[in-house]
Student: 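Dumping the structure here so I can ask a few things about it.
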Amino acid sequence: MKRTKIKDILRNDATNYQVNVKGWVRSFRNNQFIALNDGSCMGNIQVVISLDTDAEIVKQINNGASVSVDGTVIASMGKGQKVEVKADQITIMGVCDPEQFPLQLKNKPSLEYLREIAHLRFRTNTFGAVFRVRHTLAYAVHKFFNDRGFVYLHTPIITASDAEGAGEMFRVSTLPPDNPPRNEDGTINYKEDFFGRCTNLTVSGQLEAELGAMAFSEVYTFGPTFRAENSNTARHLAEFWMIEPEVAFNDITDNMDLAEDFIRYIIGYAMEHNREDLEFLAQRLADEEKQKPLNERSELGLIEKLEFVLNNKFERITYTEAIQILRDSPAYKKKKFQYDVTWGIDMQSEHERYLVEKHFKKPVIVTGYPKDIKAFYMRMNDDGKTVAAMDILAPGIGEIVGGSQREERLDMLTKRMEEMHIPAEEMFWYLDTRRFGTVPHAGFGLGFERMVLFVTGMTNIRDVIPFPRTPKNAEF
RNA sequence: UCCUCCUUAGCUCAGUUGGUUAGAGCACAUGACUGUUAAUCAUGGGGUCUCAGGUUCAAGUCCUGAAGGGGGAGCCA
């Protein structure tokens, strides 16, 4: 018989039909009742086995074992579930030695412990929910852009440009690490390397996406990104997924509108399609918050927070206004900030958190940053001091989006590159877009895992990517 | 990378001022029960107190160092 997904049995009330279900045992009670889960949804189906089931088989129905059950869906005779499967035949597909199985669900294993057994943690309610939501968000990303006529552009994973300046990169090389060929001055001779030059894993697909936007008008990338920074925080990964739309003819305001629509859309899509998972995660978060002192708890539950974001426009302020708000704040006057606030500073997390979590209590888009703290490709404003950058700051996460209108004027761009010591010769292909039919354009980068954090209410980025890569950690 | 805290049974955690044989719940094993809902009940096994040094008559407990992890910061998405 063809397998029926547990989700499909649970979501309709029909009874008295034959099914085959397959899955993993979550709980076995009273030598009779199996809570079976196949990952298709949060819920388990209760399988009832007959009292005369072979004792050898009963013995093998342990937590974690995989079983296949032929039976009849009936209205449940017990409380706690509407329907259940009365088993005619049960076979053990894979035994699971309870003495060795490291995942014992009844022990309330901590997130930190589960991270050490990341290969098994999908079998928990929490991670089941997180990764179903992650999937839905990823699907919604593609759907959003596809529905709006964007071209999904696969930008390279391996790049030779060392001019992006976005932090430390992972080198890609086939040279023998213990004895690489060297130039006369002792430096490594990359001419003998696989690509004939020094290459790295990408830190951003933006520059290439801009090339695509100069032909398709609107493109986006969604792929892995690598940063070799020694960042040990709950918000950083060495390997993460980034979404980078790039749109010709858009200015900074269009860019903000796009980012806001996009974020709202994918949240709404997850709310619609993963309601059960999100409700479980909301409850999990609420339970976790009960452990915290009152003043550290969030005012809104997870669902309420997401609904709030869906129903309220983001606050839009300029950098200059942000600085003014901070300087006028009671926190500043009482000298609560560790770092001083003056125009020109790169805002510290304490400043960003104050704006988002205390002052506005919602996502905030900050525009018009001083040119000196932003990248070379951002468009110079008429004041000559600020650039058309935008960061979106989210409560609890910090910077979730970083974007800008790009400098489309060749003379301005080359001037900025000179000032910031970016080698223009190596970037001829980038500058060519400004030479041959340049147009105003804008785009942004959104850290996918940070988005998943925001939607699931999880607090450590290592718990929203299946197999996290962080400094000193590349297990699995 | 910096600051700070933590590391005791398979998991989650107690462990008093340094003092006899280091405890609990869950998990696990054996048995009982059989419409259970993290099933329940009884019995039982299970410890290099993270590691390496040191102080002391005596160290899970105090000191030094290392490793791993958490929280915060920086860098950023």
Side-chain angles (χ1 to χ4, degrees), chain A residues 26-35 43-53 58-59 62-64 74 76-81 84 86 96-117 124-125 164-168 203-206 222 224-244 259 292 296 338-339 346-353 373-375 391-394 397-403 444-454 459-465 470-473 475:
Chain A
R26 284 285 177 89
S27 171
F28 184 40
R29 296 181 287 265
N30 219 355
N31 279 3
Q32 208 183 348
F33 303 98
I34 302 170
N44 306 322
I45 188 83
Q46 171 155 286
V47 172
V48 187
I49 64 170
S50 82
L51 290 171
D52 54 16
T53 305
V58 172
K59 215 173 172 178
N62 297 120
N63 294 342
I74 58 167
S76 179
M77 292 157 73
K79 287 173 186 152
Q81 58 281 315
E84 63 193 19
K86 187 170 168 49
C96 182
D97 182 352
E99 213 157 348
Q100 289 185 44
F101 190 45
L103 182 63
Q104 294 298 341
L105 297 169
K106 288 176 199 170
N107 284 336
K108 291 186 245 170
S110 64
L111 295 176
E112 291 82 13
Y113 173 70
L114 290 170
R115 221 173 281 151
E116 291 170 19
I117 52 165
T124 64
N125 284 337
E164 290 164 35
E168 294 295 306
V203 293
S204 165
Q206 180 202 315
F222 184 5
T225 309
F226 308 88
R227 306 255 168 108
E229 270 136 26
N230 191 11
S231 296
N232 285 291
T233 80
R235 295 179 297 282
H236 288 86
L237 292 163
E239 175 185 283
F240 64 100
W241 289 67
M242 187 154 64
I243 297 145
E244 295 175 291
K292 292 191 191 169
E296 284 177 26
Q338 195 187 335
Y339 296 89
D346 204 354
M347 279 189 275
Q348 304 289 317
S349 342
E350 59 175 353
H351 306 139
E352 295 182 347
R353 272 221 300 277
I373 59 172
K374 288 292 180 185
D391 283 359
I392 301 186
L393 310 174
I397 314 287
E399 188 178 341
I400 197 164
V401 163
F444 61 84
L446 178 141
F448 185 57
E449 283 76 17
R450 289 190 180 175
M451 194 67 220
V452 181
L453 276 182
F454 186 76
T459 50
N460 193 311
I461 203 161
R462 299 165 193 209
D463 295 331
V464 297
I465 187 166
T470 52
K472 302 278 186 288
N473 190 350
E475 190 75 69

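The chains referred to below are lettered A, B, ... by the order of the sequence lines, with proteins before strands, and numbering in each begins at 1. Because only heavy atoms are used, hydrogens play no part in the values below, and waters and symmetry mates are left out as well, while side chains stay in.
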Student: Which residues pass the side chain to side chain contact (heavy atoms under 4.5 Å, CB included) test with A/Ser349, not counting sequence neighbours?
Tutor: A/Arg353
Student: Taking Watson-Crick (N1-N3 plus N6-O4 or O6-N4) and G-U wobble (N1-O2, O6-N3), each under 3.5 Å, can you produce the dot-bracket string of RNA chain B? Use [ ] for crossing pairs and | for inter-strand ones.
Tutor: (((((((..((((.....[...)))).(((((.......))))).....(((((..]....))))))))))))....
Student: Quick check: any donor-acceptor pair below 3.5 Å linking the side-chain of A/Arg450 to the base of B/C76?
Tutor: yes
Student: Got a sec, which residues hit ring-ring contact (aromatic ring centres under 6.0 Å, His included) with A/Phe454, two or more places apart in sequence or on another chain?
Tutor: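 None.
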Student: Excluding sequence neighbours, so at least two apart, what forms side chain to side chain contact (heavy atoms under 4.5 Å, CB included) with A/Asp463?
Tutor: A/Leu111, A/Arg115, A/Arg121, A/Phe127, A/Met458, A/Asn460
Student: Among residues at least two apart in sequence or on other chains, which ones pass side chain to side chain donor-acceptor pair (under 3.5 Å) with A/Glu84?
Tutor: A/Gln46, A/Ser76
Student: Excluding sequence neighbours, so at least two apart, what forms side chain to side chain contact (heavy atoms under 4.5 Å, CB included) with A/Asn62?
Tutor: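 With neighbours one apart ignored, the set is A/Pro98.
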Student: Would you tabulate the nitrogen or oxygen pairs shorter than 3.5 Å linking the protein to nucleotides 40-50 of chain B?
Tutor:
none

Student: For A/Asn473, enumerate each residue passing the side chain to side chain donor-acceptor pair (under 3.5 Å) test, keeping only those at least two apart in sequence or located in another chain.
Tutor: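 A/Asn473 satisfies side chain to side chain donor-acceptor pair (under 3.5 Å) with no residue once adjacent residues are dropped.
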Student: Under the 3.5 Å rule, do the base of B/U36 and the side chain of A/Gln81 count as making a donor-acceptor pair?
Tutor: yes
Student: Is there a donor and acceptor pair, one atom on the side chain of A/Ser231 and one on the base of B/C75, closer than 3.5 Å?
Tutor: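 Looking at the base of B/C75, it does pair with a donor or acceptor on the side chain of A/Ser231 (distance under 3.5 Å).
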Student: Once side chain to side chain donor-acceptor pair (under 3.5 Å) is applied, do any residues pair with A/Gln338, and if so which ones, sequence neighbours excluded?
Tutor: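 With sequence neighbours excluded, A/Gln338 shows a side chain to side chain donor-acceptor pair (under 3.5 Å) to no residue whatsoever.
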